[in-house]
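Here the structure is laid out as structure tokens; the discussion comes afterwards.
Order of the sequence lines sets the chain letters (A, B, ...), proteins ahead of strands, with each chain counted from 1. Below, each value reflects all heavy atoms present in this structure, side chains not excepted, and no hydrogens, waters or symmetry copies.
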2 protein chains.
Amino acid sequence: MTNELEEYIKSYFGIVELDELKRISSFFELQSIKKGEFYLKEGSQSNELSFVQSGLMRIYADLEDKEVTQWISSKGYFITDLSSFVFGSPSRWSIHALEDSEVYTISKENYNRIGEVVPTWHQLEKLFIVRCFSVMEDRIFSHLSMTADERYSMFFESNKELFNQVPLKYIASMLGMTPETFSRVRKRHLI
Amino acid sequence: MTNELEEYIKSYFGIVELDELKRISSFFELQSIKKGEFYLKEGSQSNELSFVQSGLMRIYADLEDKEVTQWISSKGYFITDLSSFVFGSPSRWSIHALEDSEVYTISKENYNRIGEVVPTWHQLEKLFIVRCFSVMEDRIFSHLSMTADERYSMFFESNKELFNQVPLKYIASMLGMTPETFSRVRKRHLI
DNA sequence: TTAAACACTTGACATTTATCAAGGAATTAA
DNA sequence: TTAATTCCTTGATAAATGTCAAGTGTTTAA
């Protein structure tokens, strides 16, 4: 039998050999993060990568005059500043829990060891990151070609639940609009 | 001695072994693309990946009412629809030459063979894509936190040459503004 | 339990950006 | 070389979005 983490690994990386799955998943540790607690602070180095098992984590940056939410990770998404995790650069984002959360965490040391366990790991992980890259391309495209209203609709259609789970101002920021604009767009959609 | 393509490979992927460099670069073929010609058409599958050696290539999408420029690739940048190239999905972008260009092209078949030549290839390539991902994150951030004016300044500072090389409307689109807004922002900056 | 803090909405207004239309300069094609 | 096309700019105006301030309901913390 496989547990939920192993199901993620299977679906994200296409690993199906049970012993490989087990050995990879053994590198991860389930970690609890209380609402409001930080997983990562801007400027520090990210030494871990995690998959969200339950709860909600917000990835954001603090500017002088405002806070910008880059992403909200729910069950199944990964969290880290990838660039910081991989290259050791200072993290550009902070990550904190919007509610009590559980995440499967792997240290950088163990992460670097996966390749020894699964010969095809780097290849599989590459495919995973290509998918992430592609999502980012689409997201940029949405900013080049859509209005706030259209970005709202599009995001709402694929993430309805989230609108009842987190302060809407965070979704507003993530979509590149103010809470006031978000509120007005939302009203139009509710009517 | 190494040629320019080998220098790219060296700097992007960190490969330093001369024989490895030579064997990888032998997979690439120099290809000429005349101004206005297409490298890739939206909807088709991308079976090649290329590095621009000279000239300028524009990556864009055609919408009903407008055209959206996603990126302009100059010397050293790669071109392809990565998701299409890797997964075989239909390309979301068209790519054409803004001027007579030369690109080093690798076919999907040979690309898939690099791993056999260089054992660490997938790992190195993964790092390359993580950097690309990171660039995309920053670009999204610029849309969440900056005005048209600020995006202009930021891009101008790192890409001054481009402003004399391509129709400015393409840069405008790539930065998410109309040519008129671009023109006005530009005027303010020239004064 | 109460006070404070937060989240959301709404209105009035300001600012930014887009749209439309016109004209001049530069480039391309006949 | 000339005509046509494209590119860029500019002005007038419209539309989208942001800002500020107030008010209400909800959540949090003392």
Side-chain angles (χ1 to χ4, degrees), chain A residues 34-37 55-56 58 60 62-69 72 96-100 140 142-156 160-191, chain B residues 34-37 55-56 58 60 62-69 72 96-100 140-156 160 162-191:
Chain A
K34 287 260 169 257
K35 177 170 179 172
E37 276 182 13
L56 290 161
R58 183 172 74 106
Y60 70 98
D62 242 319
L63 308 185
E64 314 81 50
D65 53 337
K66 61 182 165 185
E67 219 186 63
V68 175
T69 296
I72 296 167
H96 74 167
L98 290 177
E99 47 181 66
D100 291 356
I140 286 169
S142 80
H143 284 279
L144 300 185
S145 65
M146 294 179 185
T147 62
D149 209 293
E150 292 168 325
R151 289 199 303 280
Y152 175 96
S153 299
M154 196 182 184
F155 188 76
F156 179 70
K160 290 201 169 74
E161 339 68 47
L162 202 60
F163 287 65
N164 298 314
Q165 296 174 323
V166 304
L168 299 176
K169 60 178 185 173
Y170 296 143
I171 301 181
S173 172
M174 188 178 146
L175 294 176
M177 64 189 91
T178 60
E180 291 92 340
T181 295
F182 185 93
S183 173
R184 290 178 179 114
V185 168
R186 179 163 174 256
K187 190 179 179 184
R188 251 177 275 151
H189 278 267
L190 291 174
I191 291 167
Chain B
K34 286 261 167 257
K35 178 172 179 170
E37 276 181 12
L56 291 162
R58 182 172 73 104
Y60 70 99
D62 241 320
L63 307 183
E64 313 82 49
D65 54 336
K66 60 181 168 187
E67 220 187 62
V68 176
T69 296
I72 296 167
H96 72 167
L98 290 177
E99 49 181 62
D100 292 355
I140 287 170
F141 191 74
S142 80
H143 284 279
L144 301 184
S145 65
M146 294 179 184
T147 62
D149 209 292
E150 291 168 327
R151 289 199 302 280
Y152 175 97
S153 300
M154 195 180 182
F155 188 77
F156 179 70
K160 290 202 168 74
L162 202 60
F163 287 66
N164 299 315
Q165 296 174 321
V166 303
L168 299 176
K169 60 178 182 171
Y170 297 143
I171 300 181
S173 172
M174 190 177 142
L175 294 176
M177 64 189 90
T178 61
E180 292 93 339
T181 296
F182 184 93
S183 173
R184 292 181 177 112
V185 168
R186 180 165 173 254
K187 190 179 179 184
R188 250 176 279 153
H189 278 268
L190 291 174
I191 289 168

Q: Whole angstrom is fine here: how far is it from CG in A:Asp65 over to P in D:dG18?
A: 13 Å

Q) Rounded to the nearest 0.5 Å, how far does CZ of A:Arg184 lie from OH of A:Tyr152? A) 14.5 Å

Q) Atom NZ of A:Lys169 and atom P of D:dG18: how far apart are they, to the nearest Å? A) 16 Å

Q. With side chains defined as the heavy atoms from C-beta onward, is the minimum distance between A:Lys169 and A:Thr178 less than 4.5 Å?
A. no

(Q) Looking only at the side chain of A:Glu180 (C-beta and beyond, no hydrogens), which of the listed nucleotides D:dT19, D:dT10, D:dT28 gets closest? (A) D:dT19

Q: Evaluate the side-chain proximity of A:Met154 to A:Arg151: yes if any heavy-atom separation is below 4.5 Å, no if none is.
A: no

**Q.** Spatial distance of atom OG (A:Ser145) from atom NZ (B:Lys66) [nearest 0.5 Å]
**A.** 6.0 Å

Q. To the nearest angstrom, how far is A:Asp149 atom CG from D:dG18 atom C1'?
A. 16 Å

Q: Send over the distance from B:Leu168 CG to D:dT9 C1', rounded to a whole Å.
A: 11 Å

**Q.** side-chain hydrogen bond (donor to acceptor under 3.5 Å, both in side chains) between B:Arg58 and B:Thr69, intermediate numbers included
**A.** CA-CA 7 Å; B:Arg58 182 172 73 104; B:Thr69 296; 2.7 Å; yes

Q.
Pick the closest DNA chain D nucleotide for A:Arg184 and for B:Val166 by heavy atoms, then say which residue is nearer the 5' end.
A. B:Val166

Q: Round to the nearest Å and state the distance from A:Lys66 atom NZ to D:dT17 atom C1'.
A: 12 Å

Q) Between D:dT6 atom P and B:Lys35 atom NZ, what is the distance in whole Å? A) 12 Å

Q.
Contact between B:Met174 and B:Ile72 at the side-chain level, heavy atoms closer than 4.5 Å - yes or no?
A. yes

Q) For the pair made of CZ in B:Phe163 and P in D:dC7, what is the distance, rounded to whole Å? A) 17 Å

Q: Return no unless some side-chain N or O of B:Lys187 is found under 4.0 Å from OP1 or OP2 of D:dT9.
A: no

**Q.** Span of DNA chain C in contact with chain A (heavy atoms, under 4.0 Å)
**A.** C:dA7 to C:dA12

Q | Atom-pair distance (CD1 on B:Ile171; C1' on D:dC7), nearest Å | A | 13 Å

Q: Select from A:Phe182 and B:Ala148 the residue whose nearest nucleotide in DNA chain C is closer to the 5' end of that strand.
A: A:Phe182

Q) About how many Å separate CD1 of B:Ile140 and OG of A:Ser142, when rounded to the nearest 0.5 Å? A) 7.5 Å

Q) Is the shortest side-chain N/O distance from A:Thr181 to OP1 or OP2 of D:dT17 below 4.0 Å? A) no

